[in-house]
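Here's the structure, in structure tokens; my notes come after.
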Amino acid sequence: PNSFSKDYDQINKIYEYVFKNIQTGIKLKEASALVFMEPGSFCRYFKKKTKQTFMHYVKNVRIGIAAKLLAGTDKQITQTCYECGYNNLANFNHYFKCVMKKTPSEYRKGFQ
């Protein structure tokens, strides 16, 4: 039980860090420092506890936020891209399509 509680607290710290910094940028070194680990150890720990890599998790959070913005607002796709932490529209479109199986504009059309 103590081990589970400690892991739960550490993973929650990481999740909180990601959500607070999604727009400004996520840094592996900062995330690993939150749980007092070196980046390599942190990546192994995160994957063991969540069954996904840290960067995969960050990408999924960004795409989830983008999907919510595309469905619920009239913001331009470019603006949505930057608000989700992407600095490049091509990367945003690529990852969005990989995760959602549709381009951002196709996704938005489904809600109009």
Side-chain angles (χ1 to χ4, degrees):
N2 286 343
S3 175
F4 175 79
S5 178
K6 182 182 176 188
D7 289 337
Y8 181 79
D9 291 342
Q10 287 186 317
I11 295 297
N12 274 341
K13 277 184 195 176
I14 297 162
Y15 287 172
E16 195 173 300
Y17 167 78
V18 169
F19 277 98
K20 283 183 180 177
N21 295 287
I22 203 76
Q23 283 184 311
T24 57
I26 308 296
K27 295 177 178 54
L28 178 60
K29 212 169 197 176
E30 287 179 11
S32 62
L34 286 173
V35 291
F36 308 103
M37 292 182 187
E38 289 296 317
S41 300
F42 168 76
C43 287
R44 286 188 298 277
Y45 171 80
F46 190 86
K47 183 160 186 172
K48 181 179 178 184
K49 299 300 175 184
T50 65
K51 308 292 189 249
Q52 61 183 328
T53 67
F54 180 64
M55 295 317 299
H56 186 77
Y57 169 73
V58 171
K59 288 175 188 173
N60 283 337
V61 169
R62 285 184 170 147
I63 297 304
I65 292 169
K68 185 175 181 181
L69 289 172
L70 290 169
T73 69
D74 290 334
K75 292 180 181 180
Q76 291 183 343
I77 291 173
T78 309
Q79 186 178 357
T80 300
C81 161
Y82 296 127
E83 285 186 24
C84 296
Y86 284 96
N87 297 324
N88 182 309
L89 186 59
N91 278 345
F92 170 70
N93 286 329
H94 172 75
Y95 288 120
F96 193 93
K97 189 169 184 175
C98 285
V99 174
M100 304 302 284
K101 309 295 186 227
K102 295 179 180 181
T103 65
S105 56
E106 290 170 343
Y107 183 82
R108 175 173 269 165
K109 285 178 187 171
F111 290 94
Q112 291 176 343

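Small disclaimer: the values here were computed from a predicted structure and weren't measured. Hydrogens, waters and symmetry mates play no part in the numbers below; they use all other heavy atoms, side chains included.
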Give me the atom names and distance for the closest heavy-atom approach of Phe96 to Ala67. CE1-N, 4.0 Å
Passing candidate, side chain to side chain contact (heavy atoms under 4.5 Å, CB included) with Glu83, options Leu69, Ile22, Thr78: Leu69
Value for NZ (Lys13) from CG (Asp9), rounded to nearest 0.5 Å, stands at 7.0 Å
Considering only heavy atoms from C-beta outward, does the side chain of Ile14 approach that of Phe54 to under 4.5 Å? yes
Minimum-distance pair of heavy atoms, taken over all atoms of Lys59 and Tyr95: NZ-OH, 3.3 Å
Taking atom SG of Cys81 and atom CG of Asn91, what is their separation to the nearest 0.5 Å? 8.5 Å
Consider side chain to side chain contact (heavy atoms under 4.5 Å, CB included). Of Thr53, Val18, Asn21, which one does Val58 pass it with? Val18
Side chain to side chain, Leu89 and Phe92, heavy atoms closer than 4.5 Å: yes
Quick check: do Tyr57 and Thr50 have side-chain heavy atoms less than 4.5 Å from each other? no
Flag if over 12 foreign heavy atoms under 6.0 Å of NZ, Lys47: no
Should Met55 and Tyr15 be counted in the same cluster of Ile, Leu, Val, Met, Phe, Trp and Tyr side chains packed under 4.5 Å apart? yes
Arg108 side-chain N/O to Thr73 backbone N/O, donor-acceptor pair under 3.5 Å: yes
Check step by step if side chain to side chain contact (heavy atoms under 4.5 Å, CB included) holds for Leu70 and Ile77. CA-CA 7 Å; Leu70 290 169; Ile77 291 173; 3.9 Å; yes
Within the 4.5 Å heavy-atom criterion, are Tyr86 and Thr80 side-chain neighbours or not? no
Determine all donor-acceptor pairs shorter than 3.5 Å in which one atom belongs to a side chain in residues 25-46; sequence neighbours excluded.
from: Glu30; atom 1: OE1; to: Tyr17; atom 2: OH; distance (Å): 2.8
from: Ser32; atom 1: OG; to: Leu28; atom 2: O; distance (Å): 3.1
from: Ser32; atom 1: OG; to: Lys29; atom 2: O; distance (Å): 3.0
from: Ser32; atom 1: OG; to: Met37; atom 2: O; distance (Å): 3.4
from: Ser41; atom 1: OG; to: Arg44; atom 2: NH2; distance (Å): 3.4
from: Arg44; atom 1: NH1; to: Gly40; atom 2: O; distance (Å): 3.4
from: Tyr45; atom 1: OH; to: Asp7; atom 2: OD1; distance (Å): 2.9
from: Tyr45; atom 1: OH; to: Gln10; atom 2: OE1; distance (Å): 2.9

Does one hydrophobic cluster hold both Ile65 and Val99, with members joined at side-chain heavy-atom distances below 4.5 Å? no
